[in-house]
2 protein chains.
Amino acid sequence: MGMRRRGQELEQAILKAAQDELLESGYAGLTMERVAKRAGTNKNALYRRWPHRAALGVAAYAELAATRTVIPDTGSLRGDVLALLRAANDHWSSPLGEILRGLLSAAGDDPELLSVLHARVSGGDSGAGMWQAVLRRAGIEVTPRVATVAMGLLRNEFVTRGTPHVPDDVLVEIVDEVYLPLVTGHLSSGAGRGRSAPAASAQER
Amino acid sequence: MGMRRRGQELEQAILKAAQDELLESGYAGLTMERVAKRAGTNKNALYRRWPHRAALGVAAYAELAATRTVIPDTGSLRGDVLALLRAANDHWSSPLGEILRGLLSAAGDDPELLSVLHARVSGGDSGAGMWQAVLRRAGIEVTPRVATVAMGLLRNEFVTRGTPHVPDDVLVEIVDEVYLPLVTGHLSSGAGRGRSAPAASAQER
DNA sequence: TTCCCTTAGGTACGGTACGTACCGTACCCT
DNA sequence: AGGGTACGGTACGTACCGTACCTAAGGGAA
């Protein structure tokens, strides 16, 4: 019987199968045997390409999560910042986020895999670039450390809580009690272009 | 042959054995069979008390890490804050910290176990209480959220990096770029009792 | 076309460790 | 005594990782 797949074609089939398994059962349910069977091949083909389960999991996830967050423009700095945090919060509690949590948990000691994962995540929600972009629109120029404070605190909430979804109150708290007070202290003198950054207003939800 | 241990006595022996295994081989090396053998009993006695490996691991760790951080008093707010961060950083990269990381990784989905772990950790290094105490000495009164910002950011660094030890530069950065600017904005008018909180001085290392 | 070399596919292991089942026996309590 | 409860011993069943070994396909070079 012909139709024996090779190289790229087989590799894609395996990755597709691995992704399906991830979406169905999470990383915990991703077993080499099931992926192999689902892809219509056997474990050999997998181990020829990835040294171990975690590597396959990361590769599959990386292809799955190749989405890029768009920088929001709500008209106010507060709105933009909240939008970024909410997007990250939603992603984290989405099916994809659950997979990511499993992977982080499993690859927690392998620095190489971790860097791949964080490269993925950084592009998605925590790169300093987008934060500085949002701040610059409000006439604020800060170091990367300061710019990403809000995201860092949110990520800390993810880790601390067991629950996947952080209540919106907490996001608002981070923004109003910490982030805006911090960055508005760095307001460049003559800038602002009509934007205001109220430190603690109850408006905008 | 008498001397059959029961109840508390046996339980303590098992926990002791589990702790020894944790210290020797980390959580990854903690197997039910080895613990049982080391405690001079068998797996039954273990499973009668803890539903699975992770629960035993958490219980053993909780008893092991029953240490309380003392609130530092270096004479300046900046010194106190840095001391707290450095203590947490050291703990995280210590043998105990490595065990904790393994446990967090393994119990990552079980909210009950996670809460036990975090209760332990909170008492150890992240409780809002000690942060507010240190701030109060400098005449600063803030919400728990603001008070614990530094610790939250440090914990975020732990997660983001693969490496167990965060460079001291980063701690200094968190303190000087974020934490002190943030909290000194909350200085109560007439207080201070001789303490100063320079936002970004190069002194004190 | 023919030959060969790379790579897929099949199957069976070895190894580890979790969690369970069963059974006999020591200890405690009444 | 006698019974209940817990311990100790041992053997499984299951799951899954990673590896070894062999056969077969199919593409490219001669």
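All heavy atoms count here, side chains included; hydrogens, waters and symmetry mates do not. Residue numbers begin at 1 in each chain, while the letters A, B, ... track the order of the sequences. What you see is a predicted model; the values in this text were computed from it and never measured.
- Both A:Ala45 and B:Ala54 sit near DNA chain C, but only A:Ala45 has its closest nucleotide nearer the 5' end.
- Distance from the side chain of B:Thr31 is smallest for C:dC18 among the nucleotides C:dC18, D:dC16, D:dT10.
- Summarising the geometry, the separation between CH2 on B:Trp50 and P on C:dC18 is reported as 14 Å, rounded to the nearest angstrom.
- The nearest whole Å value for the distance from the CZ atom in A:Arg38 to the P atom in D:dC16 is 15 Å.
- A:His52 places its NE2 atom 18 Å from the P atom of D:dC16, with the value rounded to the nearest Å.
- Judged by a 6.0 Å distance limit and a 45° cone about the ring axis, B:Arg53 is positioned over the six-membered ring of B:Tyr27.
- Among the protein residues, A:Arg48 comes within range of the nucleic acid bases, having at least one heavy atom under 4.0 Å from a base atom.
- The CG atom of A:Asn42 sits 16 Å away from the P atom of D:dC22 (whole-angstrom rounding).
- Rounded to whole Å, the distance from CG on B:Leu30 to C1' on C:dT16 is 15 Å.
- Of the candidates C:dG9, C:dA12, C:dC18, C:dA12 carries the atom nearest the A:Lys43 side chain, counting heavy atoms from C-beta on.
- Residue A:Arg49 is classed as a sugar-phosphate contact, given heavy-atom separations below 4.0 Å to backbone atoms only.
- For B:Leu10 and D:dG9, the CG to P distance is 11 Å, given to the nearest whole Å.
- Taking the side chain as every heavy atom from C-beta outward, B:Leu96 and B:Tyr61 approach each other to under 4.5 Å.
- Between the side chain of A:Ser93 and the backbone N or O of A:Asp90, at least one donor-acceptor pair lies under 3.5 Å.
- Between A:Thr41 and the phosphate of C:dA8, there is no side-chain N or O to OP1/OP2 separation shorter than 4.0 Å.
- The distance from atom CG of B:Asn44 to atom C1' of C:dC22 is 9 Å, rounded to the nearest whole Å.
- With distances taken from any side-chain atom of A:Tyr47 to the nucleotides C:dT20, D:dG18, D:dG8, the minimum falls on D:dG18.
- The distance between atom NZ of B:Lys37 and atom P of D:dG8, rounded to the nearest whole Å, is 15 Å.
- Applying the 6.0 Å contact sphere to CD of B:Glu98 captures no more than 12 heavy atoms from other residues, nucleotides or ligands.
- A:Trp92 and A:Phe158 have parallel rings, their planes meeting at less than 30° on a 0 to 90° scale where 60° marks the start of perpendicular.
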